[in-house]
Amino acid sequence: MVAETLLTPASLIWPLFVTEGQAVEEPIATLPGVSRWSVDRIVERAKEAAALGIPCIALFPNTPRHLRTERGEEALNPDNLMCRAIRAIADAVPDIGILTDVALDPYTAHGHDGVVDAQGRVLNDETMRILVDQALTQARAGASIIAPSDMMDGRVGAIRAALESEGFHDVQIMAYAAKYASAFYGPFRDAVGSGGLLKGDKKGYQMDPANAEEALREVAMDLAEGADTVMVKPGLPYLDIIRRVKERFEVPVFAYQVSGEYAMIEAAAAAGAGDRDALVLETLMAFRRAGCSGVLTYHAAHAARLLAG
Ligand code: PBG
């Protein structure tokens, strides 16, 4: 009766990895319990999410190696893996939210989120123009929330303007506003197949873990450019940022409990160092207490089952 915070499936977003083929489930070694699914199987996951009361899923493609190029052109193909998954889900499960990632890392041969110059530095403005087309490609396929995770400056405003001009007034933007250059993304990069390809690091465009005020400036810019909601990423090591963003801006804040955080919980449970279900629910509750409207978590379906009792 006196609990100050509620955790329900309504605040969970389930990230899912899509791969080519039919009836395919490919387990991901560094993310025990998480698989890549072919489009037909992803539709089943979307149905499962809806039945569990999870309002939204997030999609990430494992683009076949031969389609990855210097400039990530496959991101703009209206029949790419991502768009086929979006259309299939929107058809079969019309009420579920489909959050789509805007960034080039699953499509580039070098694993960076944008186009790079000869020195390997990401070219902000050139990348931004491609990201706008990527966002439109996803919106045309039926995405409900566009989530730019690339951290280029100015992309939220450019994407918003493009969405408006094509009549996508109801498509939201959830900006990965404060995204840190983190050591917790390793298993994700395995999952989308960009890990082995990545040259250098992403410190040129992702944030320094030492900085909090910079996160507030990043959030302020994305909101001014038209973001509907903002995200902090990774999650648990950055609860202070979540709290400060919530208090300063009073907008819906989301956290991404990223792949390395998921893997830590699974490793702790496997080693007998903690109870898996309790760890899952306690960490998710912590996000809510810190001020999150919702959390992207690979534990979403499991947590929703636990919450259903
Ligand atoms: C890249 C992207 C990353 C994640 C989501 N989008 C990784 C990165 O920035 O290298 C990480 C998610 C996770 O670790 O679960 N656009």
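Computation of the quantities below employed the complete heavy-atom set of this structure, encompassing side-chain atoms and omitting hydrogens, waters and symmetry-equivalent molecules. Since we're looking at a predicted model, the values are computed, not measured. Note that ligands are numbered from 1 as they come in the structure, with each ligand's atoms numbered from 1 the same way.
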Q.
As a test of reading the model: which residues have a non-hydrogen atom less than 4.0 Å away from ligand 1?
A. Asp101, Ala103, Asp105, Asp113, Ser149, Lys179, Phe184, Tyr185, Phe188, Arg189, Lys202, Gln206, Lys233, Tyr256, Val258, Ser259, Tyr298
Q: Give a yes or no on whether the backbone of Ala23 and the side-chain of Ser38 come within a donor-acceptor separation of less than 3.5 Å.
A: yes
Under 3.5 Å, sequence neighbours excluded: what are the donor-acceptor pairs made by side chains of residues 293-301?
residue : atom : partner : partner atom : Å
Thr297  : OG1  : Gln257  : OE1          : 2.9
Thr297  : OG1  : His299  : N            : 3.0
Tyr298  : OH   : Tyr256  : OH           : 2.7
His299  : NE2  : Glu266  : OE2          : 2.7

Q) Is the CZ atom of Arg140 crowded by more than 12 outside heavy atoms at less than 6.0 Å? A) yes
Q. Does Met221 share a hydrophobic cluster with Val122, counting links as ILVMFWY side-chain heavy atoms below 4.5 Å and allowing steps through other members?
A. no
Q) Just wondering, do Arg243 and Asp240 contact through their side chains at under 4.5 Å, heavy atoms? A) no
Q. With a cut-off of under 6.0 Å to the ring centre and 45° to the axis, is Arg45 in cation-pi contact with Trp37?
A. yes
